[in-house]
Each structure stands twice: as C-alpha cells, then as structure tokens.
Amino acid sequence: MADNEHNPLHAHDDHGHGVGHIVPIKLLVVVGVVLLILTWITVAATYFDLGDGNIYIALAIAVIKASLVALFFMHLRWDRPFNGFIFVGSIAFVALFIAFALTDSSQYQPDIKEYRITSDLKGGDSVDAQKKLEETAAQLQTDAPSAE
Amino acid sequence: MSAIDTQPQTPVVVDNYLNHTKGVLSWALTLDHKRIGVMYTISVLLSFFLGGMFALLVRTELIAPGEGFLTQDQYNQAFSLHGAIMVFLVIIPSVPAALGNFIMPIMLGAKDVAFPRLNLFSYYLWVFGAIFFVVAMFTGSLDTGWTFYTPYSIDTDSAMSGVIPALTGAFILGFSSIFTGMNFIVTIHRLRPPGMTWFRMPLFLWAIYATALIQVLATPVLGITLLLLIMERAFGIGIFNPALGGDPVLYQHFFWFYSHPAVYIMILPGMGIISELIAVHSHKHICGYKFIAFSSVAIAIFGFLVWGHHMFVSGQSPLLNAIFSAITFSVSIPSAVKMFNWLATLYKGSISLNTPMLYALSFMFIFAIGGLTGLHLGTLATDVHLHDTYFVVAHFHYVMMGSALIAMIGGLHHWWPKITGKMYNENLGRLGCILVFVGFNTTFLPQFVLGSQGMPRRYHDYSNFLPEQVELYATYHMWSSIGSYIMAVGFFLTAGYLIHSLFAGRRAPANPWGGRSLEWQCASPPPYDNFAVTPSVGDCYDFSVLEWDEKEQGYRINEEARRKQAYPGEVADRSGAEKLDGD
Amino acid sequence: MAHDAEHHDHPDHLAHHFDTPKQQFEAGKLGMWLFIATEILLFGGLFVGYSVWRGNHPELFEYSSHFLDTTMGGINTAVLIASSLTMAAAVTVAQRNDPVKQDKRPILILLLVLTLCGAAGFMVIKYFEWTHKFAEGWYPGVKYYEKPSDKSHTWDSHAGVIGVEMTTIDTVDGAPTRGDLGLPDTVTVELPAAAPVAVAPDHFLADKLAAVYGNDDAAHAGDPHGADVTTHDAKHDEHEQTHPLQDPHRPRDAHIFFNIYYMMTGLHGIHVIIGGIVITWLLIKSFRGQFHRDYFTPVDLGGLYWHVVDLIWIFLFPLFYLIH
Amino acid sequence: MISALATNMFAQAPQRSFWMPIEASKFAREMDFVFYFITWLSVFFFVLIVGIMIFFMVRYRRRSHIANVPCFTHNTPLELTWTIIPLIMVIAIFYVGMKGYVKLRQPPIGAYTVNVTGAKWQWSFSYPDNEGITDDFLYVPVDRPVRLVMKSDDVLHSMFIPVFRVKQDVVPGRYTDLWFEATEPGEYDVICAEYCGTGHSTMTTRVFVLSEEDFELKMAEIRLRFEKAPDQDLPWMAFTYLYSRCMSCHSLDGTDGIGPSWRGLWDRTKKGETVFTDGSTLSELTGAGKMFATPEDYLYRSILYPQEKIRENYPGSMPTFKGLLRERQIDAIVHLLKGLDDYVDANGTWIGPVPEPPAENTDGAKE
C-alpha cells in the first residue's frame, strides 16, 4: 500500500485502497512451499489403504491447496468480496450440477445393469434378468450337444 | 453543449454515432457499443427472417395430412434449422446483445460497455458461429432437432453431416453470449455514474444483469456439452453413446443444465423491456420496483435448479422428477409477481395505445397463457401425457416467441426513434402489431388442443393415426398454418414500414414517449460518446418532471419540477456511489 | 479522450470510457473473475462426467488408474505450483516496478521466463505421458482403438450391440477359454498383429450376476464350471496376452475412463498452451518496460488465468493419478 | 371395481372432450382430473389478468399529453398477497400432480408383462408369457394391469399412448417401463413421441384392448401363425416376424456384422465351403451319418445349437434359440435363407410375393 501513496492518479478517489494489493514475495514463497509439501502428502497418503477415506483425504488436501492458491496467489484475501463470491458461486453451481446428475444416474443404474446382463446373453430381449440367466445356464448345461 | 437534461434538444444533431465517422471499415472495426448494437440488430433480424422461412416451410408441410411437398428428411431439416437458428442466432442474442448493447450503457449513463474490444469480438464470434450454421445448412444439413439428443446426433448413419458444423457454430455462439454477459455485468458493476445506485437502475438493466449472470454461469456448460458431443461424434469417446457404454440421459442433464436457464436468457430481458414499456407508455411510476427487480434475479437463480423438468419421461429417476417438479413451481412465483405489478402499474395510468404499448399489452396476454400452461407441464402427472406433444410446442412458442420476441419487437419500436432518429408510421405500426398478435394466437392456440389430443411434435406427417384423430388434427393444423401466414404478413408489414421510416420517417425528438431514464435525455440518435458530461440521475420512473413540448412533438424535462423532485444523490456524489456499490 | 472535459489527467493506458485507473483496474479484475467462473463451469461439466462415472463405476477407475504414471503426474503438479509461484511473484514485482527507472524489469522478465518454462515443461511431460498411453493402445476415442482382429473387433457400434465387449456364453461347453489370468504385472506395449480378440472367460456370467446381485453365491450358481480356474490358466498360458485391451479382467467400459482422462487433461493442456501464449505476450510487453506500479493490470489478469490452470490441475492430479 | 363404477356413472362409451382424447385407462381419469383442475385455475387467472388489463386499457387510455400520473409506487401488503396466493396455488398443483405420478411409477405386482422393442422406425411387442411371440401391434387385456418393459435397438424413442395418458422414453442401453390398466376395449394409437430420425412420423402402431377371451384367442392366433400359414408364405413370415431378432448380427446386404451376412450364406452352405474355427469345412461334415445330414440340416442346427460349430473369424456369440422358436419358424428361416436373393434386395426391402392378409384378421390389419 505504501507503494501507492505516491501515485498521483489515485489522489482523488483513493480511500486508503490502492490499485491492487501487493503481496510480499516472502509470503508467496511460503505458500508455494506449503503447496509442494501438501502435494507430497497427498501422494504419500495413497500408499495407505483407507478404503473410501483415500479419496476424501485427497480431495480435502486439494481443496486446501486450491484455497491457498486462490487466497494468496490470486489475491482473493485482499480483493473485493464480490470477486470471491463469483469464484465460490461458480464452484457452488458445479457442485449443484454434480449432486443432481450423480443422484439421478445412481438411481437408474439397476436398469442399465439388468439390460447389460440380458443383452449380453440374448440380444437384450428379456425382462427378468435373474430368471433368464438361470434358465439359459440350465439350458446350456442340459441341451448343448457335445461339439465333436 | 453540455445541456443533456436541462434544455429541449434540437432535433437536428450534427454529430451523432451514425455519422461520426464514415466508411464500411469505420463500422466493421467500430468499438462503439451503439454501432455494435445496430449491427447485432440487423444480423439478428436477418436470422429471424431465415428462421421464419423454415417455420413457414414446416407449417405449410403440416397444413394437411399425408405427404406434403417436403420429404421426411427435408422436413426434419426444416424444423431442426428453424429451432437452432431461432434459439442460438435469434432469441438468445436478440435482446441482450442487440438492443441491450445499444441501450444498456446509455441507460446506465456510461460512455460505453466495460470492454469495447471484447464487445466487438463477441459480435464477430456471432458472425463466425452464424457462418457455421449456414455451412451446416448447405452442406449435409442438420436433422437432429436443436436439442442434439444422443445417440441420434452421434449416429453416423442417420444424423447428417451438418451436425458437427452446427455444434461448432453453437459452441462459438455460446462464447459470444458469454463475453456479452461478462461485459454487461462488469459494466453494470463498475461503470455506473455517480448517483446511479442499484435501485435507481431502470428495470431493464436489472433484467439484463440477471440475464448476464445466467449467460456467464450456464453457457460454459453448453460449451463443454457441445465439445463432448463433437468429440463423441468424431472420436467415439463413449460418454454419451450407449453403444459404447455411455449414458444418453446424462447428455440430457448436460444439455438442459444450460438450455433451461437459456430460456430465462430469452425471457428475462423481454420482461425487462415490458417493465419499461408499461411504465413509460402509461406515464406512471412502475409499481413495486423492488419486487420486479428481485424477481428477475430470483428467476435467474431458480432457473438453474429446474432443468430436470424437461426430462420427466426421459428415463430420469422418479426421485429427481419429484424434486425438479417441486422446484419448477418456485419459478412461477416471481413471474406472477411481475405480471401483477405490471397490472398495478396500468391502474389509473395514462395508457397510450401506441405501437410499443400494444406490443407490451400483447406480451401480457401471451405471457399469461405461456406461463399458465407451464403449470400443466411442471406438474408430473399431466406432463407425462403432454410431454413431446404440440402442447409443449405451443407452450414454448408462447414463451419464447410470443413473449421474448414480441417484447424484442416492442422494444425495437420503443427505441427505434432513439436508434435511428426517425419516427415510423404509427398506424401501420399498430396494424402490424395487431396482425402479429392475431396471427400468433391463431397459430399457437390450436396447438394446445392438438397436443393435449395427443399429436406428437416433430412429425412430418400425421396420416398414420386413426381416422378420427387425423380428421381432428387436420382441422387444428390447418388453422395453425393459416395463423402462421397472418403472422408472416404482420412481420413483413413491420419490416416494410420500419425500413421506409429510415428514408421517409419524421425526424424523432429526443424523447417522443416521455421516458425518464437516461437514454431519453440524450439526442436521437445519440451522439458518439453518449454523454458529453456524466449525466445526473434521478428516479427513472418519476415522470412528474416531464412536460409536453408541442414544437418538438416530444417531452422535455421541466427544470423547475426536477429541482423540486431532486433526490439527495441527484448531485454528483462520487463517494455516495462508491458506498452504494452494492458488492 | 479529447472530449473528456473532466479528466485532463487521462493517461495513455486509461480507456476513454473509464474515469479513473482504479475503475479500469477493477473492471478488468471483475471481468477476469467472471471469465474464471466460466472456466470453472466449463471444466465443471467434465467434473460432472467424472463424478457420474466414478460414482457408478468405481471399478473402471480403480482398474484404469494403474495405467497412469503417478510420478510424472506428481512432477507436473510440482512444476505447475512452481510456475504459479513465479507468476504470483511476477505480479508483485510488476506492482513495485518504477515507471521511469524500470528497476524491477529484469526480475519481472526472469520470473515470466521461469513461468513460461514451467508451462513448457508441463506440456513436455504431458506429451510423453500421452504418447506412452498411445503406445499402449489407449487412444482417445474408440474409433481409433487398434482393432485386434478384423472380424471380431469389439469396438464397432453395431445396432443392438451394447457395450464394447460382445462377450458370450460360448465357452461354457468346455471350449477353450482365457481363464483367470489375473492382473498383468507389467504392461507390454507390443500388440501382436492379428491377435484374436479377447473371448470372455467362462466366469463372465457369474461375474455379471455378482455385479448385479452382489454376492458370491449368485456368482457360483450361474457358473456351470464352478471356480476351477487353475485348469483354465494352464490351458491358456500359450496365448497369454498382457496387452490391456486383451485383458479379460478389463472392466467393460475402461475406455470411458481414458476418454474422460484425455478430455480433461486435453482441455487443461489447451489452457496451458493459451496461458503460455499470454505469458509470452506479457514477456514482450515487459521487455518494452510497459508494466509498472501504475499499470500492471495485464500481468495481474494473466496471472489470475495462470493460477486457474494450476487450480484445475490441483484437482485433476488426485482424481486421476491417485486412485489405488 | 372402480372402473366399472365409473363406467356405470357415465353409462355410455366415453367420448373425446375438447381437450382430451377418450379416457381408456384408470390413470387417464386421474390425469384428466389434474389437467382440468389446472386448466380451470389457469382460465380463472387468465380471465382475471387479461380482463383487468383490457378494462384498464379502455378506462385509462390516454386522452392528453399528460406527462405523469401521480400514484402509489408500491403497496407491500398487496404485493405480498399476490406473491403468497400463487404460492399456495402451485403447492396444491404440485400435490395433486405428484399423487398421480407416484401411482404411475408403481406397477402393481403381477401385472401382465409385455416386452417392447423400439427400433428405427418400428415398434415390436413380445409376450414372454405366451412363448415370446412377437407382433407389430400391441394387444392388451381389458381391466388388467399391463406393464411394458421397453428397450431400444438404436436411438431414443418414446412410447406414447394418448388414450391411456402414458408416455415413457425408451432409452438404448437400459430398460424403462410403464404400466396402465386399460378400461375401454377398442383400437387406439400408439405413437413414438421422441424424435428418432427420418421415419419418426411413421413410427406409429395400434394398441388393441381386448376382452380376456379375445385376448387369449389373439395370443393363440399369433402363436400358431406359422403353423397356419401355407408353405409358400413362410419366407415372408420369417422376414416379417422373425428377422428383427437376427438383424442386429446378420445383415442382408453382404456386409459382415457380429455374425455372417445372410446374403450369400446359402450358396456357401450348399457348396459346403463354410470353414469352422477348428479348421474343418462344412463339406467334410455333411452327408449321411455325418454331423449334418444335409446343408439345410446345418442351418437348422445352427439356429438351435449355434455353439456347435463356429465359423472361422467370427466370435461365435450367437445365443441358442432352442425353446424360443418353433419347428416351423426355424423351417421358415431356412426357407428364407435358401431363397434370399429372390425375396429381399440388398437394401433389406422385400421384393418377393406378399401373401394376402387372412380374411378373419381384420382387426389386426394395418391398412
């Protein structure tokens, strides 16, 4: 901010805010190092099998890293709140989209699975997957004449 | 002269944006938002003509059952191109990019949009996208419908070779739309002059702002959808193609995540225009300014949450159907609010039945039908029957064509004197409006009955049904086609007298209707830089400061009255503007 | 500018329709943030695709992720973070540069060059990763997958054939099957010229049942040959295939993982290239000494763009490379 | 039964109303109630809005160049009123719509199932409880819940039966279903409502709602269609009723699919040139006492036991049709294969003789 004080162009509308915030290089380096460490942690974490936990840890670290980049590298910490609002808002819309699309597609997966089984067996001309599977399997065992 | 709002304007403006510089290049490379707006308007109207021709082909084919003069493939191309051109090339850019570009900065009191170069770039993106559509039209054509549903659109055997050009065109047009939206948001946030607070902005600007939000947040998803579809068709990536393990319903989620909000890109600016028209032409303060302003933003946000109502019978799960149906109804509330507020504005007004106002009243009539039939389609039980029938066709034409485009044409008449500096023939204008109104309703009212009686959309021929059904459909289709011809006559008449006015029209006064927002305070046509001095802003719906000037045949501001009505922020107050910035 | 009576202090870099540099700067910044929002939603669509497929078919991701090179991905992450850091530093330096003395210009140029090197390095590594995948036979888009055999290639989208593996029950009668080979330890790159297509193992039926009904009983009920896998192994050693396309345990839609991977990293790569172009442009202007504490908006906005490229990679890396 | 009660109430065959086709299913009645509820509510609000608008238009039309009309600029209680009343209204609409929809999505247990296949541009219906017979028309028993389980062979289609007020997209790669309980015997339209390409508008057929006895008769008739048909009609019948089950793998124009094209198949078989995966050729295996008695026997057994001998260079993915085709149906296919060049051209169009439609089959005839 000190750098802006001798800027004559800002004299008439400057209420203590210069044009843009200047982030000290030292702070940037610290953030950069933290980001690299977090990258190392996220790779290292994959060598422990935590089941579903792995992806949550990976995502949590990614969110932390992203926040660091946005807050410090992208100056959001000092920027107008509205810019941050746009940023967070756009992510919220992606989340909304993911939530609806994922919920819906997981709801109709059984229809797809059933179709795949029967279509692999019979060109998809069947309704009750299990019944058909059992029938076909039984039929093949009893009916198939020996090849030679 | 810095006498923007103090003295009656002399109608002869020597230096205006039209003659500020000369030559084709001075237009082609202009950064002036007004010229870009004019170029958009001309381009959009030409596309409207093209899309309209396809509509007439479709209607003529359907006038009677049986094989008409189009083959099945030709018919499929006709309705696909009609839809794609009307949606992507006409309605979406019509109000924001064409009228909005011209009016918005002046209304706001800015000299230009925030990024003039980006603005010109958007226009050329539009042209570029339009070229791709023309390519799609002439080489191989396009028969997928404007929705490009998979897997039909990736089925190489049947979907024609125009699909990739059309997708590319729509992709490019999407970016044109995004950049326009970005430009407008930044302009409204950062270029408001002193005194122009958020709640002094004309409602048209609120509508444009809400629209721009949707353009910025929804259109990128269209971009990625089309990109995925192009890749799917060109390389077979399998995400949307069931033959490769993909999921066509997922495509529909992608598509409607953009295309439902896009409906509000179309209708919201139209609503904004109507708010202006109703207030100005009844010379009465708009009723419930804040309700209307917030309802625009509410529609924009709710609009993102309801896309699934296009997919009630598409194989979407019942759970999502129920959720989407419930949220869908929430959108109807802000629309109803606007409707009632317009009515209240008319109450005890001084209603001038001139052409723009007739369009505004037509809008209210048509939008009432369009909105109320939306209830049938948002309701799960009834939508199952009505989906993909002519009921839907009629409904969205009532909203997209009858409302959005009628508003656009009303707005065009409203601002025509400002844009061109010429007055059109008022009587022909009224006649044109009545023809369009009658033609429109004759075309689309029968389609509601057609649809509820079971006539499916996108049918080249309806002679395969049971005889009594064919007979019934034929009657309604005939009426519908007749209506489309009446409408065409109305539009040609309108085009005729508007073009005529350019050459022989009476010179327009600065403020022919008695509008109070800032664009009526600069000359007609506006000078190159809009305002020599940053204008001062009052309540844009306070008409009490205006008086009729017989000599000008227009209205002028009564200085004395204005001083009496002066608001605290009327005086240039920079710090006040900063504080009221709103973000 | 001439007609602007109020602002006689209108500097060259201030466009005529802005009143103050601050207004212009903040307009540019807001515009850039809006653009970033569109970028996020553009990639957002792909993240939706990713989530839907991973949510419903985790096995695709578990299987296919093994073909990605975590080391390369990790190096690329570090490269991008480093270049993000130099870019952020470049903004600070530009903000401190004196318009006349140009005291910080050499550092600014150095930082921008470093950033550009990061971009180039990223793309080079990406190039090797992709070409490696191609060599393995994982092409973007099944239209260009190598077809192991003319007749029985499994990638055609014949009407009615759903899915890429036209797997059948033909081997139930005791004909040779590929059996249970297990996951290959190493992936060989060569593809035999006319290798026969992967014929489904006889457990196919059982696997499908298990996939649907989620229990082993169902699997065995539907498997006429029981779980006698060792004999099949022995039978099949002679035409052992280690190529992933020939792997009978490859989940049926493995290509979708790779296509999402190619789409996301590809689109990201395009952004890296665009970012590189932007940085080059900034570099040229810096050479001319055009950036200083009164005018650094392009550096700031270019930086914002570059950080978004980094941000997206921060998510892509764990989502694709770190699935075990 | 409710339907019987309703029929008594009207005491006559249902008529088409101005808005809606006749009500021929239980759901139609509920759906129409919702439809008319919304419609009349809409009409009320429409008349209210437009009536007021026209009244204002006339009453307050401009008479002078007055610049401003002083008036209230807002009225919060009033504005809240016209926000809340529509809100209550739409909640009511959502409720009735949701109620109907929940029923529509829950087929009763034990509903009679019909499998539906949509393909460009034809519907085909098969009846698993009746030997899997297939037909181009949908036959359903009256007053009995029927569930359609649908799949698509190519692109999206949508099963739409206006008189039942049901519609459901048919999505390739998965099953979708819908159910209805027909209440009015008769013949009605079945429509494809989702755009599916060139012949979209020809993708219509009919549903016949039959009494229980008529339905069984019809099923038996279709079941015995091949038995009843004269020999010379068999190739046509195989092409019309059976080929759709083979077309996904076997082309008619000579191009290779999953399986060998039918074009030229008989020539090769006759000459015994067919080579199998184990290296043997057909001529070695044909003859008295050998594996196949005659070339025709080879075709016959290939349909029943396709895994016996697999042709070289093909994946051998054909399922068995044992138990799914009757003897005479297989005969019909063999007949068709033997005379394919005379019957069908390379575009898949039938060029052979078309049999006269049987006289008694009037209700099922398409034209």
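Both backbone and side-chain heavy atoms feed into the values below; hydrogens, waters and symmetry mates do not. In the text below, chain A, chain B and the rest are named by the order of the sequence lines, each starting its count at 1.
At least one side-chain heavy atom of B:F340 sits under 4.5 Å from a side-chain heavy atom of D:I49. Contact of the D:P162 side chain with the B:H385 side chain is registered, since non-hydrogen atoms from C-beta on lie closer than 4.5 Å. When side chains are defined from C-beta on, D:M57 does not count as touching B:L346, because their heavy atoms never get closer than 4.5 Å. Looking at heavy atoms from C-beta onward, B:I351 lies in side-chain contact with D:F56 at the 4.5 angstrom threshold. Within the 4.5 Å cutoff, the side chain of B:Q252 has heavy atoms near those of the D:L156 side chain. In this structure, the side chains of B:P151 and D:P172 come closer than 4.5 Å at one or more pairs of heavy atoms. Residues D:I91 and B:F329 have side chains not in contact (no heavy-atom distance under 4.5 Å, counting atoms from C-beta outward). At least one side-chain heavy atom of B:T389 sits less than 4.5 Å from a side-chain heavy atom of D:K167.
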Using side-chain contact (heavy atoms from CB on, under 4.5 Å), reason through B:Q469 and D:R16 one step at a time and then give a plain yes or no.
CA-CA 10 Å; B:Q469 294 295 106; D:R16 182 193 2 247; 2.4 Å; yes
Between D:Y195 and B:N76, is the side-chain hydrogen bond (donor to acceptor under 3.5 Å, both in side chains) condition met? List the steps.
CA-CA 9 Å; D:Y195 175 68; B:N76 294 343; 3.2 Å; yes
Could you walk me through whether B:F365 and D:F46 pass the ring-ring contact (aromatic ring centres under 6.0 Å, His included) test, one step at a time?
CA-CA 8 Å; B:F365 181 96; D:F46 178 74; 5.1 Å; yes
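For a residue to count as touching a neighbouring chain, one of its non-hydrogen atoms must lie under 4.5 Å from one of that chain's; by this rule D:I93 touches chain B with backbone and side chain alike. With a 4.5 Å cut-off on non-hydrogen atoms, D:R174 touches chain B through its side chain but not through its backbone. Interface remark: B:P248 contributes side-chain atoms only to the contact with chain D (heavy atom separation under 4.5 Å). Only the backbone of D:S17 comes within less than 4.5 Å of a heavy atom in chain B; its side chain stays farther off. At a 4.5 Å heavy-atom cutoff, the contact between D:E194 and chain B is made by backbone and side-chain atoms alike. Both the backbone and the side chain of D:V34 come within contact range of chain B, judged by heavy atoms closer than 4.5 Å. Interface residue D:R61: backbone and side-chain heavy atoms are both found under 4.5 Å from chain B. Using a 4.5 Å cut-off between heavy atoms, B:N321 touches chain D through its side chain atoms alone.
Rounding to the nearest 0.5 Å places OH of D:Y60 at 12.0 Å from OG of B:S282. Distance CD/D:E79 to OG/B:S295: 10.0 Å, rounded to 0.5 Å. Interatomic distance, B:Q72 CD to D:T202 OG1, rounded to the nearest 0.5 Å: 5.5 Å.
Using a 3.5 Å distance cut-off with no hydrogens or angles, the side chains of D:T198 and B:D73 do pair a donor with an acceptor.
Highest contact tally toward chain D, considering only B:G451, B:S325, B:A336, is held by B:S325 [criterion: heavy-atom pairs under 4.5 Å]. Contact count versus chain B (heavy atoms, under 4.5 Å) is highest, among D:T176, D:V190, D:V171, for D:V171. In terms of non-hydrogen atom pairs under 4.5 Å with chain D, the most contact-rich of B:N558, B:T150, B:L361, B:T345 is B:L361. Ranked by heavy-atom pairs under 4.5 Å with chain B, the list D:Y188, D:W19, D:F160, D:F55 is led by D:W19. Highest contact tally toward chain D, considering only B:T379, B:I369, B:L375, B:L343, is held by B:L343 [criterion: heavy-atom pairs under 4.5 Å]. The most heavy-atom pairs under 4.5 Å with chain D, out of B:S330, B:G246, B:G349, B:S463, come from B:G349.
The ring-ring contact (aromatic ring centres under 6.0 Å, His included) search around B:Y459 returns B:F465, D:H200, not counting sequence neighbours. When the ring-ring contact (aromatic ring centres under 6.0 Å, His included) test is applied to B:H376, the partners found at least two apart in sequence or on another chain are B:F391, D:F35.
Residues D:C192 and B:P456 approach most closely at O-CB, 4.4 Å, considering heavy atoms.
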